[in-house]
2 protein chains.
Amino acid sequence: MTRSAPTDTRTRLLDAAERHFAERGFDGASLRQITSDARANLAAAHYHFGSKEDLFVAVLARRIEPISRERLDRLDQVESDAAGEPVPLEAVLAAFVGPPLRAGASASGGRECLLRLFGRMQSEPEALWKRIVDGPLRETRKRFAAALRRALPRLTDEELAWRMHFVIGTMTGVAADQHRLRLLSNGRCDPSDIDGTIRQLVPFLAGGLRAAKAPSRSSATAAGRRQR
Amino acid sequence: MTRSAPTDTRTRLLDAAERHFAERGFDGASLRQITSDARANLAAAHYHFGSKEDLFVAVLARRIEPISRERLDRLDQVESDAAGEPVPLEAVLAAFVGPPLRAGASASGGRECLLRLFGRMQSEPEALWKRIVDGPLRETRKRFAAALRRALPRLTDEELAWRMHFVIGTMTGVAADQHRLRLLSNGRCDPSDIDGTIRQLVPFLAGGLRAAKAPSRSSATAAGRRQR
DNA sequence: GTCTATAGAACGATAGAC
DNA sequence: GTCTATCGTTCTATAGAC
């Protein structure tokens with residue numbers, strides 16, 4: 001809150017914790033490494049945050065708040081642009097995936113550090129996960145669920161829930177991974193090219209969301225030749 | 001390898017390690033909890049596997065080998081069924097995602113334990129990740145990349161690499177998460193219903209893979225109204 | 001092949017001086 | 001607000017008896 005010349009201890013602790021939690025996860029990171037990296041010590045971390053778990057939540061809350069604001073602002077924009085009814089699905093998706101991907105790529109850690117942390121969240125213990133998802137992410141989740149509901153009127157509620165699950169899974173799965181794309185493309189695609197990621201990701205997600213419905217019966221394995 | 005009456009120590013250690021690594025990750029799980037859960041002790045784990053890291057790799061290798069065989073068998077089947085040229089994309093995808101999802105759901109831990117472990121892999125330290133992906137998963141990756149290349153002749157190599165990245169990210173992201181689908185559907189969708197997951201996932205992935213190409217220039221954010 | 005016992009290091013947390 | 005020092009616990013790994 002207060003403005004100190006270069007960076008205050010609290011901020012240095014958050015920055016260092018972000019790097020270590022991203023690289024090694026909640027259990028893999030240690031307060032000793034974090035505090036020494038922040039040019040501070042164990043006692044400082046406990047003074048400012050109380051516990052390792054509270055530090056973790058603080059790290060995420062600091063990043064998620066501006067991202068949520070940007071996501072909602074862009075959704076407002078998209079919805080008011082389309083004063084007529086049909087809100088373009090691609091624009092909703094870009095408002096959803098763009099802010100976290102961009103923020104993740106440009107944060108303090110330098111490169112793709114925060115992105116890894118976002119990708120890790122879904123594997124962290126349920127206690128941590130719930131504090132984030134039911135807290136800072138709650139409104140964003142509800143607003144975008146409603147927007148997708150309007151953009152995809154033909155899907156049942158169950159189908160839409162499955163597909164939102166897939167959309168979030170794709171985004172976080174992509175955020176979590178730093179090696180796979182390079183491996184799959186023999187080094188020709190660059191995962192740190194965020195604009196490229198968004199330009200490829202949005203049409204993929206839109207295509208998946210708009211896909212023909214799942215067959216209600218066809219043994220699921222021999223789904224066979226349909227469309228195109 | 002040897003057949004002992006109920007289960008030998010080595011197998012009990014693998015089973016217990018699978019549960020703990022899935023639930024808490026590599027760093028979060030401890031050999032003490034694992035060995036006591038397996039009715040054994042620290043020394044037994046080191047005798048059979050050498051180190052915690054080797055135990056982790058052994059846990060994954062045990063599961064991945066039969067899954068890889070099943071994936072490749074089903075891909076062979078699909079390709080020979082389609083003696084004519086166009087192999088149905090949905091069938092290739094079902095051969096890719098079905099075996100790990102089914103195996104993950106029916107393994108020792110009872111429920112979705114192994115699935116969580118698969119989902120975690122992409123966040124584990126690179127040293128662990130590489131030992132799996134460059135080892136037991138190598139041939140599977142190459143064979144399916146070739147199959148998708150043939151099924152989607154209109155995509156450039158770069159676009160295909162991006163989209164395979166998204167497909168794997170979606171699958172592992174979905175595997176990693178146990179809470180999100182229930183939250184998004186207010187409890188109406190069941191993530192442990194594997195047939196349902198596959199029936200929903202395959203059309204989503206096919207729709208994404210077949211989507212219109214990404215716009216090469218349009219500010220990426222205002223992708224605007226196109227198609228449908 | 002399985003055990004007990006323990007070495008040796010790292011962990012989160014806290015007390016108390018400044 | 002930041003530090004040093006330390007408590008009490010837990011960790012992986014290993015030595016050596018059986």
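Quantities reported herein were computed from a predicted structural model and do not represent experimental measurements. Residue numbers begin at 1 in each chain, while the letters A, B, ... track the order of the sequences.
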(message) Strictly under 4.0 angstrom, non-hydrogen atoms only: write out the protein contact profile of nucleotides 6-11 of chain C, one letter per nucleotide from the 5' end, B, S or -.
(response) -----B

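- B:F49 meets the ring pair (Phe, Tyr, Trp, His ring centres under 6.0 Å) test with no other residue; sequence neighbours excluded.
- Evaluation of the salt bridge (Lys or Arg N to Asp or Glu O under 4.0 Å) test over residues 35-48 of chain A, restricted to residues two or more places apart or in two chains, returns A:R19-A:D37.
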What does the list of N/O pairs under 3.5 Å between the protein and nucleotides 16-18 of chain D look like, with a distance for each?
none

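- Nucleotide D:dT10 holds its P atom 18 Å from the CG atom of B:D27, rounded to whole Å.
- Along DNA chain D, the nucleotide nearest A:N41 and the nucleotide nearest B:H46 are compared for position; the residue whose nucleotide lies closer to the 5' end is A:N41.
- Not counting sequence neighbours, the partners of B:V97 by the side-chain contact (heavy atoms from CB on, under 4.5 Å) test are B:L101, B:M171, B:L201, B:V202, B:L205.
- Cation-pi check for A:R120 over A:F21 is not met; the charged atom does not lie both under 6.0 angstrom from the ring centroid and within 45 degrees of its normal.
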(request) Whenever both distances are under 3.5 Å in a Watson-Crick or G-U wobble pair, mark it; put DNA chain D into dot-bracket that way, with [ ] for crossing pairs and | when the partner is on another strand. (result) ||||||||||||||||||

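- For B:R69, there are no side-chain hydrogen bond (donor to acceptor under 3.5 Å, both in side chains) partners, not counting sequence neighbours.
- One interatomic measurement links the two molecules: CD1 of B:I34 to C1' of D:dA13, which rounds to 14 Å at whole-angstrom precision.
- Nucleotide C:dG12 holds its C1' atom 16 Å from the NE2 atom of A:H20, rounded to whole Å.
- For residues 163-174 of chain A, the pairs satisfying side chain to side chain donor-acceptor pair (under 3.5 Å) are A:Q122-A:T172, A:H165-B:R180, A:T170-B:T170, with sequence neighbours left out.
- For the salt bridge (charged side-chain N to carboxylate O under 4.0 Å, His left out) test, no residue two or more places apart in sequence or in another chain qualifies with A:D193.
- Contacts of A:R143 classified as side-chain hydrogen bond (donor to acceptor under 3.5 Å, both in side chains), with partners at least two apart in sequence or in another chain: A:D76, A:E79.
- Counting only heavy atoms from C-beta outward, the side chains of B:K52 and B:F26 approach each other to under 4.5 Å.
- In terms of the side-chain contact (heavy atoms from CB on, under 4.5 Å) criterion, residue partners of A:E159 (sequence neighbours excluded) are, by chain and number, A:L155, A:T156, A:K213, B:Q200.
- Rounded to whole Å, the distance from CZ on A:F56 to P on C:dA13 is 14 Å.
- Taking atom CZ on B:F49 and atom P on C:dT2, their separation rounds to 11 Å, with Å as the unit.
- For the pair A:H48 NE2 and C:dT14 P, the interatomic distance rounds to 16 Å; values are reported in whole Å.
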Side-chain donor-acceptor contacts of residues 127-137 of chain A below 3.5 Å, not counting sequence neighbours, with atom names and distances?
from: A:K130; atom 1: NZ; to: A:E126; atom 2: OE2; distance (Å): 3.4
from: A:R131; atom 1: NH1; to: A:E53; atom 2: OE2; distance (Å): 2.9
from: A:R131; atom 1: NH1; to: A:D54; atom 2: OD1; distance (Å): 3.3
from: A:R131; atom 1: NH2; to: A:D54; atom 2: OD1; distance (Å): 3.0

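- Regarding contacts with the backbone of C:dG1, a side-chain N or O of B:Y47 is found under 4.0 angstrom from either OP1 or OP2.
- Note on A:A45: nothing from the nucleic acid sits closer than 4.0 angstrom, heavy atoms only.
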